[in-house]
K.L.:
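Let me give you the structure first, and then I'll get to my questions.
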Amino acid sequence: MKGPLAIALIAAGAMLAGTSAQAAFITYFGEDLNNSATVPLSETPNSDAAESAFLGSLSGVGTEDFEGFATGTTAPLNLTFPGFGGGTLDATLTGDGRIKTVSEGSAFAGRYSVSGTNTWRADATGDDGFGVDFGQDIAAFGFYGIDIGDFGGQLLINFNLSSGGVHQEIVPHTVGSGGSTDGSVFYFGAIASSEDFLFTSLDFDLVAGPTTDIFSFDNMTIGELEQVTPVPTPGTLVLFASGLLVAGSMLWRRKRSDSGS
């Protein structure tokens, strides 16, 4: 087979093949490595680019930067995510950790804030971590991680789905040893690919690493399904492919008609 119809069939086949296995989340990741427990990174271009790409896929989201908490405040924390849907959201952070204040331009044991002076300083002991309960369906979650993995730990996020069950995402940050990646920064964001993967809460765990570690989180951002920039669904792709077939067939027939006149 030759001509526009063949091209249409190839394009349709490629698009349909891409819908055969749907990923639970579209993820965004960028990392900027450091090797200092006392000097923070002055710039984090890779992490910032990942955040920009994540935010560019959303609208009206809310971000919790922890600046409204007094240093030393422990869980449970009431997170409001200012700007969420034009207002706020009452969510609850539980687990081991506390609010840590570090002056701008300095770092404490590799930990510091990417904006302002406050972070959530998490203590991870074995499989113990911390979690956030949103109290409603959430479609998107992103955050900055600071000084994570410098002693061999790998960060794992358990998304507790609204439909039941748990979906796990391993954050692909660099895993160091003995503090080799002190003060490194990354940004990780995840957006549910469909309403089947909405989640009401999530848990952070440190796996495949030491029995204890301490690290920081900053600028957590959330969004609802309605705030996700529309993307073609599998059904849309099928319809679009069908349209290509029809258009290709019409062009092929017209070409044959013109050549015979």
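Computed from a predicted structure; not experimentally measured.
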K.L.:
Tell me, with the steps shown, if I146 and F217 meet side chain to side chain contact (heavy atoms under 4.5 Å, CB included).
P.N.:
CA-CA 6 Å; I146 304 98; F217 295 81; 5.9 Å; no
K.L.:
Could you name each residue pair satisfying salt bridge (Lys or Arg N to Asp or Glu O under 4.0 Å) that touches residues 173-182, not counting sequence neighbours?
P.N.:
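Listed by first then second residue: nothing to list.
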K.L.:
For N219 and V114, what are the C-alpha separation, side-chain angles and deciding distance, and is it a side chain to side chain contact (heavy atoms under 4.5 Å, CB included)?
P.N.:
CA-CA 8 Å; N219 288 15; V114 297; 4.1 Å; yes
K.L.:
Under a single-linkage rule joining Ile, Leu, Val, Met, Phe, Trp and Tyr whose side-chain heavy atoms are separated by less than 4.5 Å, which residues share a cluster with L225?
P.N.:
L198
K.L.:
Compare all side-chain heavy atoms of F29 with those of V171 and state whether any distance is below 4.5 angstrom.
P.N.:
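Yes - at least one pair of side-chain heavy atoms lies under 4.5 Å apart.
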K.L.:
Please list, one pair per line, the donor and acceptor atoms closer than 3.5 Å that link side chains of residues 131-143 to other protein atoms, with sequence neighbours excluded.
P.N.:
residue, atom, partner, partner atom, Å
D133, OD1, G135, N, 3.0
Q136, NE2, E224, OE2, 2.9
D137, OD1, S162, OG, 2.6

K.L.:
Applying side chain to side chain contact (heavy atoms under 4.5 Å, CB included) to L79 and T92, what does each step give before you reach the verdict?
P.N.:
CA-CA 6 Å; L79 307 183; T92 304; over 6 Å; no
K.L.:
Contact between F151 and D213 at the side-chain level, heavy atoms closer than 4.5 Å - yes or no?
P.N.:
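Side chain of F151 against side chain of D213, heavy atoms only: contact under 4.5 Å found.
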K.L.:
Which residues pass the salt bridge (charged side-chain N to carboxylate O under 4.0 Å, His left out) test with D147, not counting sequence neighbours?
P.N.:
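Salt bridge (charged side-chain N to carboxylate O under 4.0 Å, His left out) list for D147, sorted by chain: R111.
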K.L.:
Are the side chain of Y112 and the backbone of G183 linked by a donor-acceptor contact shorter than 3.5 Å?
P.N.:
yes
K.L.:
On the 0 to 90° scale, with breaks at 30° and 60°, tag the H167-F159 ring pair as parallel, tilted or perpendicular.
P.N.:
tilted
K.L.:
Under a 4.5 Å cut-off applied to non-hydrogen side-chain atoms, are E169 and F188 in contact?
P.N.:
yes
K.L.:
Report all side-chain donor-acceptor pairs from residues 36-51 shorter than 3.5 Å, counting only partners two or more places apart or in another chain.
P.N.:
residue, atom, partner, partner atom, Å
S36, OG, T38, N, 3.2
S36, OG, V39, N, 2.9
T44, OG1, D48, OD1, 3.0
T44, OG1, D48, OD2, 3.3
N46, ND2, E31, O, 3.0
N46, ND2, D32, OD1, 3.3
S47, OG, G30, O, 3.4
S47, OG, D32, OD2, 2.7
S47, OG, V185, O, 3.2
D48, OD1, Y144, OH, 2.7
E51, OE1, Y144, OH, 2.8

K.L.:
Looking only at non-hydrogen atoms, find the nearest pair between E67 and T117 and report the distance.
P.N.:
OE2-N, 3.1 Å
K.L.:
Applying side chain to side chain contact (heavy atoms under 4.5 Å, CB included) to L161 and V166, what does each step give before you reach the verdict?
P.N.:
CA-CA 6 Å; L161 305 180; V166 178; over 6 Å; no
K.L.:
Excluding sequence neighbours, so at least two apart, what forms side-chain hydrogen bond (donor to acceptor under 3.5 Å, both in side chains) with H173?
P.N.:
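Not a single residue meets the side-chain hydrogen bond (donor to acceptor under 3.5 Å, both in side chains) criterion with H173.
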K.L.:
Write down the atom of Y28, the atom of S57, and the distance for their closest heavy-atom approach.
P.N.:
OH-OG, 2.9 Å
K.L.:
Run the salt bridge (Lys or Arg N to Asp or Glu O under 4.0 Å) test on D123 and R121 for me, step by step, so that the C-alpha distance in whole Å, both residues' side-chain angles and the decisive distance to 0.1 Å come before the verdict.
P.N.:
CA-CA 7 Å; D123 297 328; R121 171 190 176 277; 3.3 Å; yes
K.L.:
Ignoring hydrogens, what is the shortest heavy-atom contact between F69 and N78? Give both atom names and the distance.
P.N.:
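Scanning both residues, the minimum pair turns out to be CZ-O, 3.4 Å.
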